[in-house]
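Right, one structure below, let's go through it.
Just follow the structure's listing: the first ligand is 1, and inside any ligand the first atom is 1. All values below come from the heavy atoms of this structure, side chains included, with hydrogens, waters and symmetry mates left out.
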Amino acid sequence: MHISHAEIRCVRLPLVHGFQTSSHRKKSLDHLVVTLHGENGYMGWGEIASASHPFYNPETTETCWSIATAELLPLIVGRTWNSAEQASGAWNKVRGNHFAKAGVEMALWDLQARLEHRSVADLLGGTRSTVAAGVSLGIEPSIGELLDQVALQLEAGYTRVKLKVAPGWDVKPVSAVRREFGDIDLHVDANASFSEIPAHLGVLHELDGQGLTMIEQPFAPENLLAHARLQQQIETPICLDESVESLASLETALSIDACRVLNIKVSRMGGLGAARAAHDLAVSAGIPVWCGGMHEFGIGRAANIAISSLPGFTLTSDVSASEKYYARDILTRPITADRGIVEVPVGDGLGYDVDLVFLAENTLRIQTLEPATSPTAA
Ligand code: OSB
Ligand code: MG
């Protein structure tokens, strides 16, 4: 495939419901949409789903814009590649910046799959025709409002609920949800907001008694040992998210029993290829995986569906329907869930098309990258 030129757009969409994690609250999100132009008018689409602030990981929308336009796109535009994997290998020398890489790499997979008239799921080796989708609920101003949100999502047909927790918003909201909704598939995500001080450990031990499917990322990303220490003391499986950004960190985590479940995010791992490799490693170690999300617009959401079609994704994902987050998505038809089940599209590429008019209406800025103007092409 030959990539003649590329565009990158910063696109803003309002959220239907404000989302608060342990660090901040958001009402709209700015994601970067990448378009790669191949031969015969074929296009590949990708989404850089970085948060605006470096609270989840060190990247931001701005750093992703800078890395994508100054480093990643110039290395692939104006050249001919055998595959998405070969092309993305061009930026092996670029360290880190996984969200930026994932969004551009996604466009490479989409383009390759469209040129080959296959789906990205098929190209990745996916085996499922549907994936089980759950919802992630933010910290709410009150327990009453949280219970309303859980009720709304259960009514929408989702069967698994994840609650964001943080010190001070922990056992009370979780036990309230348990009391109100009984034996639902429930888990918590702390986004690294706890430490090993006695008060926090006490809360984590209390959460261990709530029958949770897992406790996601209680401690700091780099603190694998703290996760291993807690895992030896509690029954509930610990799930890692922020801590696993590479196969090496996953290998370390597995070797010290720091997690018994893995959240795989395409963005955090640095792309679909790296996400698949993490899946393969976890499966060979007997660790079940599920696909996490970053409130993706439709393109990133479609990539989450494609990776979730791999056989090891046996736990319910965070891949909910577009409408959970956005009144209108950037796609010509939104991603839907039927009683918490999302179909893996069989169409070419990621299986969804971008609504170009709606995209343009919501674009804050756009840059075109041509081979002649790329910094490394001279
Ligand atoms: O930790 O999984 C997380 C959103 C932003 C940052 C971190 C996380 C999340 C989510 C959203 O939980 C899940 C989704 O996209 O539905
Ligand atoms: Mg998480």
Side-chain angles (χ1 to χ4, degrees), residues 13 15-31 47-61 64 98-99 102 131-140 149-150 152-153 156 158 160-166 169 186-194 212-221 227 237-245 253 259 261-269 275 278 289-305 307-308 315-326 329 334-335 337 340 342:
L13 290 186
L15 287 161
V16 292
H17 183 79
F19 193 94
Q20 180 163 339
T21 65
S22 60
S23 57
H24 62 302
R25 186 162 192 92
K26 297 299 290 183
K27 287 195 169 144
S28 66
L29 296 180
D30 295 351
H31 287 178
E47 175 179 338
I48 301 176
S50 175
S52 312
H53 297 280
F55 301 155
Y56 169 80
N57 76 332
E59 292 176 271
T60 69
T61 316
C64 289
H98 285 185
F99 276 65
V131 305
V135 288
S136 169
L137 299 181
I139 292 170
E140 292 291 333
Q149 282 301 311
V150 176
L152 193 73
Q153 300 304 335
Y158 294 103
R160 169 284 220 175
V161 173
K162 147 170 151 181
L163 305 177
K164 293 285 178 183
V165 291
W169 179 265
L186 188 66
H187 94 247
V188 296
D189 182 1
N191 284 113
S193 57
F194 288 81
L212 302 170
T213 324
M214 67 193 90
I215 297 177
E216 184 177 343
Q217 196 72 42
F219 303 122
H227 291 92
I238 289 180
C239 170
L240 290 177
D241 176 355
E242 286 91 326
S243 285
V244 176
E245 293 187 325
C259 70
V261 171
L262 179 66
N263 166 339
I264 293 181
K265 284 184 183 168
V266 174
S267 299
R268 191 192 73 227
M269 297 306 301
V289 308
W290 57 280
C291 179
M294 289 300 300
H295 300 154
E296 282 86 355
F297 301 170
I299 294 295
R301 202 163 282 277
N304 291 345
I305 296 169
I307 198 77
S308 300
L315 299 173
T316 306
S317 73
D318 269 352
V319 190
S320 29
S322 301
E323 66 174 11
K324 193 221 165 221
Y325 290 113
Y326 306 104
D329 205 336
I335 291 168
V342 175

Indicate yes or no for a side-chain donor-acceptor contact from [X] to the backbone of [Y] under 3.5 Å, with no hydrogens or angles considered.
X: Tyr326; Y: His295; value: yes
X: His227; Y: Gln217; value: no
X: Ser193; Y: Ala190; value: yes
X: Thr213; Y: Leu186; value: yes

At a cut-off of 2.8 Å, protein N/O/S around the Mg ion (ligand 2) gives Asp189 OD2, Glu216 OE2, Asp241 OD2
Using a 4.0 Å heavy-atom threshold (strictly under), name the region of Lys162 that reaches ligand 1: side chain, backbone, both or neither.
side chain
What part of Val319, side chain from CB on, backbone N/CA/C/O, both or neither, has a heavy atom under 4.0 Å from ligand 1?
neither
Could you tell me, atom by atom, which parts of ligand 1 come under 4.0 Å of a heavy atom of [X]?
X: Met294; answer: 5 (C), 6 (C), 7 (C), 15 (O)
X: Asn191; answer: 1 (O), 3 (C), 7 (C)
X: Asp241; answer: 1 (O), 2 (O), 3 (C)
X: Asp189; answer: 1 (O), 2 (O), 3 (C)

Between Arg268 and Glu242 (salt bridge meaning N to carboxylate O under 4.0 Å), is one present in this structure?
no
Under 4.0 Å between a side-chain nitrogen and a carboxylate oxygen: does that hold for Lys324 and Asp318?
no
Side chain or backbone, does [X] bring an N or O within less than 3.5 Å of an N or O on ligand 1?
X: Tyr56; value: no
X: Lys164; value: yes
X: Ser320; value: no
X: Glu242; value: no

Grab the two heavy atoms, one from Met269 and one from Ala278, that are nearest each other, plus how far apart they are.
CE-CB, 3.8 Å
Please list, chain by chain and in numerical order, all residues satisfying ring pair (Phe, Tyr, Trp, His ring centres under 6.0 Å) with His187, sequence neighbours excluded.
Trp290
Pick from Asp329, Val319, Asn304: which one makes a side chain to side chain contact (heavy atoms under 4.5 Å, CB included) with Glu296?
Asn304
If you count heavy atoms of other groups shown closer than 6.0 angstrom to CD of Glu323, is the number above 12?
no
